[in-house]
Protein chains: 2
Amino acid sequence: MFELNLRSRAPVYEQLVEKIKELIINNVLKPDQQLPAVRVLASELTINPNTIQKAYRELEHRGYIYSVPGKGSFVKPAVPGTNNARLQALEKELGKIISEMLYLGVPPQEIINMVKKQLANKEGGKLDD
Amino acid sequence: MFELNLRSRAPVYEQLVEKIKELIINNVLKPDQQLPAVRVLASELTINPNTIQKAYRELEHRGYIYSVPGKGSFVKPAVPGTNNARLQALEKELGKIISEMLYLGVPPQEIINMVKKQLANKEGGKLDD
DNA sequence: TAACTGTATTATTTATGTTAGTACAATAAG
DNA sequence: CTTATTGTACTAACATAAATAATACAGTTA
(Lines give C-alpha, C1' and ligand atoms only; values in the text may rest on other atoms or scores of the structure.)
Protein backbone atom coordinates (compact mmCIF):
# COMPACT_ATOMS: atom_id res chain seq x y z
CA MET A 1 0.00 0.00 0.00
CA PHE A 2 2.82 2.40 0.91
CA GLU A 3 6.21 2.56 2.53
CA LEU A 4 7.46 3.81 5.86
CA ASN A 5 10.72 5.30 6.97
CA LEU A 6 11.65 3.57 10.20
CA ARG A 7 14.78 5.69 10.59
CA SER A 8 12.85 8.93 10.55
CA ARG A 9 12.47 10.93 13.77
CA ALA A 10 8.76 11.09 12.98
CA PRO A 11 6.82 8.36 14.84
CA VAL A 12 5.60 5.49 12.68
CA TYR A 13 1.96 6.06 13.63
CA GLU A 14 2.26 9.71 12.59
CA GLN A 15 3.72 8.75 9.25
CA LEU A 16 0.83 6.35 8.81
CA VAL A 17 -1.69 9.07 9.57
CA GLU A 18 -0.10 11.41 7.03
CA LYS A 19 0.15 8.79 4.28
CA ILE A 20 -3.41 7.56 4.62
CA LYS A 21 -4.76 11.09 4.93
CA GLU A 22 -2.92 11.91 1.71
CA LEU A 23 -4.48 8.94 -0.08
CA ILE A 24 -7.92 10.02 1.06
CA ILE A 25 -7.43 13.66 0.09
CA ASN A 26 -6.14 12.69 -3.35
CA ASN A 27 -9.11 10.38 -3.82
CA VAL A 28 -6.96 7.28 -4.17
CA LEU A 29 -9.01 5.86 -1.32
CA LYS A 30 -12.66 6.50 -2.20
CA PRO A 31 -15.44 7.43 0.26
CA ASP A 32 -16.76 4.45 2.22
CA GLN A 33 -13.99 2.29 0.83
CA GLN A 34 -12.70 -0.23 3.36
CA LEU A 35 -9.19 0.19 4.72
CA PRO A 36 -6.88 -2.77 5.32
CA ALA A 37 -7.65 -4.56 8.56
CA VAL A 38 -5.44 -3.61 11.49
CA ARG A 39 -3.71 -6.99 11.62
CA VAL A 40 -3.36 -7.28 7.85
CA LEU A 41 -1.69 -3.90 7.45
CA ALA A 42 0.50 -4.62 10.46
CA SER A 43 1.62 -7.83 8.83
CA GLU A 44 2.29 -6.13 5.49
CA LEU A 45 4.36 -3.37 7.05
CA THR A 46 5.92 -5.72 9.61
CA ILE A 47 5.03 -3.45 12.49
CA ASN A 48 2.89 -3.95 15.56
CA PRO A 49 -0.92 -4.02 15.25
CA ASN A 50 -1.16 -1.58 18.15
CA THR A 51 0.72 1.01 16.11
CA ILE A 52 -1.77 0.64 13.26
CA GLN A 53 -4.65 0.94 15.65
CA LYS A 54 -3.17 4.09 17.10
CA ALA A 55 -2.98 5.59 13.61
CA TYR A 56 -6.56 4.56 12.81
CA ARG A 57 -7.78 5.99 16.09
CA GLU A 58 -6.07 9.29 15.27
CA LEU A 59 -7.52 9.32 11.74
CA GLU A 60 -10.98 8.71 13.16
CA HIS A 61 -10.49 11.49 15.68
CA ARG A 62 -9.51 13.87 12.87
CA GLY A 63 -12.58 12.91 10.88
CA TYR A 64 -10.95 11.11 7.95
CA ILE A 65 -12.21 7.59 8.65
CA TYR A 66 -14.81 5.77 10.71
CA SER A 67 -14.52 2.34 12.29
CA VAL A 68 -17.20 -0.25 12.99
CA PRO A 69 -16.30 -3.09 15.38
CA GLY A 70 -16.68 -6.42 13.66
CA LYS A 71 -16.88 -4.86 10.20
CA GLY A 72 -13.83 -2.72 9.58
CA SER A 73 -12.51 0.81 9.05
CA PHE A 74 -13.75 2.94 6.18
CA VAL A 75 -13.05 6.24 4.46
CA LYS A 76 -15.36 8.92 5.78
CA PRO A 77 -17.06 10.94 3.01
CA ALA A 78 -16.12 14.61 3.22
CA VAL A 79 -18.95 17.04 3.89
CA PRO A 80 -18.00 20.49 2.49
CA GLY A 81 -18.35 23.37 4.92
CA THR A 82 -18.11 21.10 7.95
CA ASN A 83 -14.47 21.59 8.85
CA ASN A 84 -14.01 25.31 9.37
CA ALA A 85 -11.46 24.81 12.12
CA ARG A 86 -9.23 22.77 9.82
CA LEU A 87 -9.71 25.28 7.04
CA GLN A 88 -8.61 28.08 9.29
CA ALA A 89 -5.50 26.12 10.26
CA LEU A 90 -4.73 25.52 6.58
CA GLU A 91 -5.04 29.21 5.83
CA LYS A 92 -2.57 29.93 8.61
CA GLU A 93 -0.14 27.34 7.24
CA LEU A 94 -0.56 28.87 3.82
CA GLY A 95 0.43 32.23 5.26
CA LYS A 96 3.61 30.77 6.77
CA ILE A 97 4.63 29.18 3.48
CA ILE A 98 4.04 32.39 1.56
CA SER A 99 6.04 34.37 4.11
CA GLU A 100 8.97 31.99 3.80
CA MET A 101 8.83 32.03 0.01
CA LEU A 102 8.98 35.82 0.04
CA TYR A 103 11.85 35.61 2.51
CA LEU A 104 13.70 33.32 0.10
CA GLY A 105 13.29 35.88 -2.65
CA VAL A 106 10.42 34.46 -4.67
CA PRO A 107 8.46 37.28 -6.39
CA PRO A 108 4.74 37.49 -5.49
CA GLN A 109 3.67 36.93 -9.09
CA GLU A 110 5.68 33.72 -9.23
CA ILE A 111 3.97 32.49 -6.06
CA ILE A 112 0.58 33.05 -7.67
CA ASN A 113 1.76 31.19 -10.76
CA MET A 114 2.87 28.28 -8.56
CA VAL A 115 -0.60 28.09 -7.04
CA LYS A 116 -2.33 28.23 -10.42
CA LYS A 117 -0.05 25.52 -11.75
CA GLN A 118 -0.79 23.32 -8.75
CA LEU A 119 -4.51 23.88 -9.17
CA ALA A 120 -4.28 22.92 -12.83
CA ASN A 121 -2.55 19.69 -11.87
CA LYS A 122 -5.20 18.81 -9.30
CA GLU A 123 -8.00 19.46 -11.77
CA GLY A 124 -6.32 17.03 -14.13
CA GLY A 125 -6.09 14.55 -11.30
CA LYS A 126 -9.86 14.54 -11.00
CA LEU A 127 -9.96 12.34 -14.08
CA ASP A 128 -9.28 9.47 -11.69
CA ASP A 129 -12.98 9.32 -10.87
CA MET B 1 10.65 37.73 23.64
CA PHE B 2 8.02 35.02 23.19
CA GLU B 3 6.13 32.34 25.02
CA LEU B 4 6.29 28.56 25.07
CA ASN B 5 3.70 25.89 25.59
CA LEU B 6 5.25 23.42 28.00
CA ARG B 7 2.18 21.18 27.85
CA SER B 8 2.40 20.76 24.09
CA ARG B 9 3.50 17.42 22.64
CA ALA B 10 5.95 19.39 20.51
CA PRO B 11 9.43 19.45 22.08
CA VAL B 12 10.45 22.77 23.61
CA TYR B 13 13.53 23.09 21.40
CA GLU B 14 11.36 22.56 18.30
CA GLN B 15 8.94 25.26 19.42
CA LEU B 16 11.92 27.54 19.91
CA VAL B 17 13.20 26.83 16.40
CA GLU B 18 9.79 27.59 14.90
CA LYS B 19 9.26 30.79 16.86
CA ILE B 20 12.69 32.23 16.12
CA LYS B 21 12.51 31.20 12.49
CA GLU B 22 9.17 33.00 12.28
CA LEU B 23 10.66 36.17 13.77
CA ILE B 24 13.50 36.05 11.24
CA ILE B 25 11.23 35.40 8.27
CA ASN B 26 8.91 38.22 9.25
CA ASN B 27 11.87 40.55 9.66
CA VAL B 28 11.22 41.17 13.33
CA LEU B 29 14.76 40.01 13.91
CA LYS B 30 16.93 41.88 11.39
CA PRO B 31 19.95 40.44 9.53
CA ASP B 32 23.11 40.28 11.67
CA GLN B 33 21.10 41.24 14.72
CA GLN B 34 22.33 39.50 17.85
CA LEU B 35 20.11 36.90 19.46
CA PRO B 36 19.78 36.59 23.23
CA ALA B 37 22.68 34.69 24.78
CA VAL B 38 22.02 31.04 25.48
CA ARG B 39 22.09 31.48 29.25
CA VAL B 40 20.08 34.71 29.18
CA LEU B 41 17.24 33.25 27.14
CA ALA B 42 17.30 30.12 29.27
CA SER B 43 16.90 32.26 32.35
CA GLU B 44 14.07 34.29 30.81
CA LEU B 45 12.13 31.22 29.75
CA THR B 46 13.12 29.29 32.90
CA ILE B 47 14.34 26.32 30.90
CA ASN B 48 17.71 24.63 30.65
CA PRO B 49 20.53 26.31 28.67
CA ASN B 50 21.15 23.02 26.89
CA THR B 51 17.68 23.20 25.38
CA ILE B 52 18.36 26.68 24.03
CA GLN B 53 21.66 25.56 22.61
CA LYS B 54 19.98 22.64 20.90
CA ALA B 55 17.54 25.04 19.24
CA TYR B 56 20.33 27.41 18.20
CA ARG B 57 22.33 24.51 16.80
CA GLU B 58 19.32 23.43 14.77
CA LEU B 59 18.69 26.97 13.52
CA GLU B 60 22.32 27.23 12.46
CA HIS B 61 22.11 23.88 10.70
CA ARG B 62 19.04 25.10 8.82
CA GLY B 63 20.82 28.27 7.78
CA TYR B 64 18.81 30.84 9.74
CA ILE B 65 21.49 31.97 12.17
CA TYR B 66 25.25 31.81 12.67
CA SER B 67 27.13 31.55 15.93
CA VAL B 68 30.57 32.86 16.84
CA PRO B 69 32.18 31.51 20.03
CA GLY B 70 32.96 34.34 22.39
CA LYS B 71 30.74 36.81 20.52
CA GLY B 72 27.25 35.46 20.21
CA SER B 73 24.58 34.16 17.84
CA PHE B 74 23.28 36.31 15.00
CA VAL B 75 20.61 36.36 12.32
CA LYS B 76 22.04 35.11 9.05
CA PRO B 77 21.22 37.40 6.11
CA ALA B 78 19.18 35.57 3.48
CA VAL B 79 20.81 35.17 0.08
CA PRO B 80 18.07 34.78 -2.56
CA GLY B 81 18.45 31.77 -4.86
CA THR B 82 20.65 29.93 -2.36
CA ASN B 83 18.08 27.63 -0.82
CA ASN B 84 16.59 25.66 -3.68
CA ALA B 85 16.12 22.54 -1.57
CA ARG B 86 14.02 24.43 0.95
CA LEU B 87 12.08 26.09 -1.83
CA GLN B 88 11.29 22.74 -3.36
CA ALA B 89 10.07 21.48 0.02
CA LEU B 90 7.87 24.55 0.39
CA GLU B 91 6.35 23.99 -3.03
CA LYS B 92 5.53 20.44 -2.01
CA GLU B 93 3.91 21.64 1.21
CA LEU B 94 1.98 24.18 -0.79
CA GLY B 95 0.65 21.37 -2.96
CA LYS B 96 -0.53 19.43 0.07
CA ILE B 97 -2.38 22.42 1.47
CA ILE B 98 -4.05 23.14 -1.85
CA SER B 99 -5.09 19.49 -2.19
CA GLU B 100 -6.66 19.52 1.26
CA MET B 101 -8.46 22.79 0.62
CA LEU B 102 -9.96 21.36 -2.56
CA TYR B 103 -10.87 18.24 -0.60
CA LEU B 104 -12.68 20.41 1.93
CA GLY B 105 -14.71 22.00 -0.85
CA VAL B 106 -12.94 25.32 -1.34
CA PRO B 107 -13.31 26.51 -4.97
CA PRO B 108 -10.03 27.05 -6.88
CA GLN B 109 -10.76 30.73 -7.45
CA GLU B 110 -11.23 31.24 -3.71
CA ILE B 111 -7.85 29.64 -3.07
CA ILE B 112 -6.20 32.07 -5.45
CA ASN B 113 -7.97 34.93 -3.74
CA MET B 114 -6.65 33.71 -0.39
CA VAL B 115 -3.11 33.76 -1.71
CA LYS B 116 -3.49 37.23 -3.18
CA LYS B 117 -4.93 38.49 0.08
CA GLN B 118 -2.04 36.99 2.04
CA LEU B 119 0.47 38.54 -0.36
CA ALA B 120 -1.17 41.92 0.06
CA ASN B 121 -0.85 41.62 3.82
CA LYS B 122 2.83 40.73 3.63
CA GLU B 123 3.54 43.66 1.33
CA GLY B 124 1.97 45.90 3.94
CA GLY B 125 4.16 44.28 6.55
CA LYS B 126 7.24 45.46 4.70
CA LEU B 127 6.61 48.91 6.14
CA ASP B 128 8.40 47.61 9.24
CA ASP B 129 11.74 48.36 7.58
C1' DT C 1 -19.39 -22.73 14.96
C1' DA C 2 -15.42 -20.52 12.89
C1' DA C 3 -13.01 -16.83 11.10
C1' DC C 4 -12.85 -12.49 10.60
C1' DT C 5 -13.44 -7.41 12.36
C1' DG C 6 -12.19 -3.32 15.95
C1' DT C 7 -10.93 -2.45 20.65
C1' DA C 8 -8.76 -2.71 25.26
C1' DT C 9 -5.28 -3.82 28.68
C1' DT C 10 -0.81 -4.66 30.89
C1' DA C 11 4.02 -5.07 30.82
C1' DT C 12 8.54 -4.30 28.75
C1' DT C 13 11.92 -2.24 25.93
C1' DT C 14 13.77 1.54 23.50
C1' DA C 15 14.43 6.23 22.08
C1' DT C 16 14.13 11.04 22.95
C1' DG C 17 13.59 15.21 25.48
C1' DT C 18 15.01 17.74 29.44
C1' DT C 19 17.49 18.94 33.38
C1' DA C 20 21.72 19.35 36.09
C1' DG C 21 26.36 20.22 36.73
C1' DT C 22 30.81 21.08 35.06
C1' DA C 23 34.32 22.44 31.95
C1' DC C 24 36.98 24.80 28.16
C1' DA C 25 38.31 28.06 24.43
C1' DA C 26 37.38 32.49 22.12
C1' DT C 27 36.04 37.33 22.64
C1' DA C 28 35.66 41.88 24.68
C1' DA C 29 36.25 45.26 28.25
C1' DG C 30 38.35 46.72 32.57
C1' DC D 1 46.66 40.46 32.61
C1' DT D 2 42.23 39.84 34.71
C1' DT D 3 37.50 39.33 34.54
C1' DA D 4 33.22 38.43 32.64
C1' DT D 5 30.96 37.41 28.87
C1' DT D 6 30.16 34.41 24.74
C1' DG D 7 29.36 29.54 22.33
C1' DT D 8 30.36 24.76 22.83
C1' DA D 9 31.06 20.07 24.74
C1' DC D 10 30.41 16.36 27.84
C1' DT D 11 28.46 13.05 31.25
C1' DA D 12 24.87 11.53 34.28
C1' DA D 13 20.14 11.21 35.73
C1' DC D 14 15.28 11.42 35.12
C1' DA D 15 10.73 11.67 32.66
C1' DT D 16 8.02 10.85 28.88
C1' DA D 17 6.55 8.81 24.65
C1' DA D 18 6.92 5.36 21.04
C1' DA D 19 6.83 0.71 19.88
C1' DT D 20 6.58 -4.15 20.73
C1' DA D 21 4.61 -8.28 22.80
C1' DA D 22 1.06 -11.07 24.45
C1' DT D 23 -3.64 -11.64 25.53
C1' DA D 24 -8.36 -10.89 25.78
C1' DC D 25 -13.21 -9.57 24.58
C1' DA D 26 -17.29 -8.19 21.84
C1' DG D 27 -19.49 -7.48 17.32
C1' DT D 28 -19.97 -9.25 12.42
C1' DT D 29 -20.28 -12.48 8.70
C1' DA D 30 -20.37 -16.78 6.28
Side-chain angles (χ1 to χ4, degrees), chain A residues 1-21 24 29 31-77, chain B residues 1-21 24 29 31-77:
Chain A
M1 193 173 190
F2 38 64
E3 298 162 8
L4 294 177
N5 181 6
L6 298 180
R7 301 173 191 170
S8 170
R9 63 250 165 199
V12 172
Y13 85 94
E14 269 288 346
Q15 293 184 50
L16 268 171
V17 168
E18 290 305 316
K19 297 266 186 184
I20 296 177
K21 174 185 148 187
I24 294 175
L29 295 175
D32 292 314
Q33 179 176 343
Q34 183 165 6
L35 295 171
V38 170
R39 294 170 183 80
V40 172
L41 189 53
S43 172
E44 281 184 13
L45 301 176
T46 55
I47 58 179
N48 197 280
N50 292 336
T51 306
I52 307 287
Q53 193 210 341
K54 187 170 184 180
Y56 278 15
R57 192 192 310 146
E58 183 63 23
L59 281 165
E60 186 167 21
H61 181 257
R62 296 192 195 175
Y64 292 102
I65 72 174
Y66 62 94
S67 295
V68 184
K71 295 190 67 176
S73 299
F74 307 87
V75 175
K76 186 171 180 180
Chain B
M1 193 177 190
F2 39 66
E3 296 162 9
L4 295 177
N5 181 6
L6 297 180
R7 301 174 192 171
S8 169
R9 64 251 162 196
V12 172
Y13 85 94
E14 269 290 344
Q15 293 183 51
L16 268 171
V17 167
E18 290 305 314
K19 297 266 187 184
I20 295 177
K21 173 184 148 187
I24 293 176
L29 295 175
D32 292 312
Q33 179 177 345
Q34 183 166 5
L35 295 170
V38 170
R39 295 169 182 80
V40 173
L41 189 52
S43 173
E44 280 184 12
L45 301 174
T46 53
I47 59 180
N48 197 280
N50 293 335
T51 306
I52 306 287
Q53 194 211 340
K54 188 171 185 178
Y56 278 15
R57 193 191 312 148
E58 183 63 24
L59 282 165
E60 186 167 22
H61 180 258
R62 296 192 195 175
Y64 291 101
I65 72 173
Y66 63 94
S67 295
V68 184
K71 295 191 66 177
S73 299
F74 307 86
V75 176
K76 187 171 178 179

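Protein chains get the first letters and strands the later ones, always in sequence-line order, with residue 1 at the start of each. This one's a predicted model, so the numbers in the text were calculated from it and none came from an experiment.
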#### Entry: Upstream residue (5' side of DNA chain D) when A:Val68 and A:Ala10 are each assigned their closest nucleotide
A:Ala10
### Task
Nearest-nucleotide wise, let me know which of B:Gly72 and A:Thr51 is further upstream toward the 5' end of DNA chain D.
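Result: B:Gly72.
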### Query
Any side-chain N or O of A:Ser73 under 4.0 Å from OP1/OP2 of C:dG6?
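Yes.
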### Task
Would you indicate, yes or no, if C:dT5 has its OP1 or OP2 atom less than 4.0 angstrom from a side-chain nitrogen or oxygen of A:Ser67?
no
When the distance from [atom1] of [X] to [atom2] of [N] is rounded to whole Å, what number comes out?
X       : N      : atom1 : atom2 : value
A:Lys71 : C:dT7  : NZ    : P     : 14 Å
A:Asn48 : D:dA19 : CG    : P     : 10 Å
B:Ile52 : C:dA20 : CD1   : C1'   : 15 Å
A:Leu41 : C:dG6  : CG    : C1'   : 14 Å
B:Ile47 : C:dG21 : CD1   : P     : 16 Å
A:Leu35 : C:dC4  : CG    : C1'   : 16 Å
A:Glu58 : D:dA18 : CD    : P     : 10 Å
B:Phe74 : C:dT27 : CZ    : P     : 12 Å

### Task
Might you point out which heavy atoms bring B:Val17 and B:Ala55 nearest each other, and give the distance in Å?
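Looks like CG2-O, 3.7 Å.
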### Query
Taking all atoms of both residues into account, what is the closest heavy-atom pair of A:Pro77 and A:Asp32, and its distance?
CG-OD2, 3.7 Å
### Side chain proximity check, B:Gln34 to B:Phe74, heavy atoms < 4.5 angstrom
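Side-chain contact under 4.5 Å: yes.
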### Query
Taking side chain as C-beta onward, heavy atoms only, is A:Lys54 less than 4.5 Å from A:Thr51?
no
### Message
Salt bridge or not between A:Arg62 and A:Glu58? Use side-chain N to carboxylate O under 4.0 Å.
### Response
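A salt bridge is present here (some side-chain N lies under 4.0 Å from a carboxylate O).
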### Pair A:Glu14 + A:Lys21: basic N to acidic O under 4.0 Å
no
### Which nucleotide in C:dG6, C:dT27, D:dT8 has an atom nearest any side-chain atom of A:Tyr56
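The closest nucleotide is C:dG6.
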### Query
Which parts of nucleotides 10-17 of chain C does protein reach within less than 4.0 Å, heavy atoms only, written one letter per nucleotide 5' to 3' as B for base, S for sugar-phosphate only and - for none?
-------S
### Query
Counting only distance, no hydrogens or angles, is the base of D:dT8 paired donor-acceptor with the side chain of B:Arg39 under 3.5 Å?
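Answer yes: a donor N or O sits under 3.5 Å from an acceptor.
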#### Entry: Gap between atom CG of B:Leu35 and atom OH of B:Tyr56 - 0.5 Å precision
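B:Tyr56 OH to B:Leu35 CG: 4.5 Å, rounded to 0.5 Å.
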### Query
Looking across every strand, which nucleic acid part, if any, lies under 4.0 Å from B:Gln34 by heavy atom: base, sugar-phosphate, or nothing?
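The residue B:Gln34 makes no contact with any strand.
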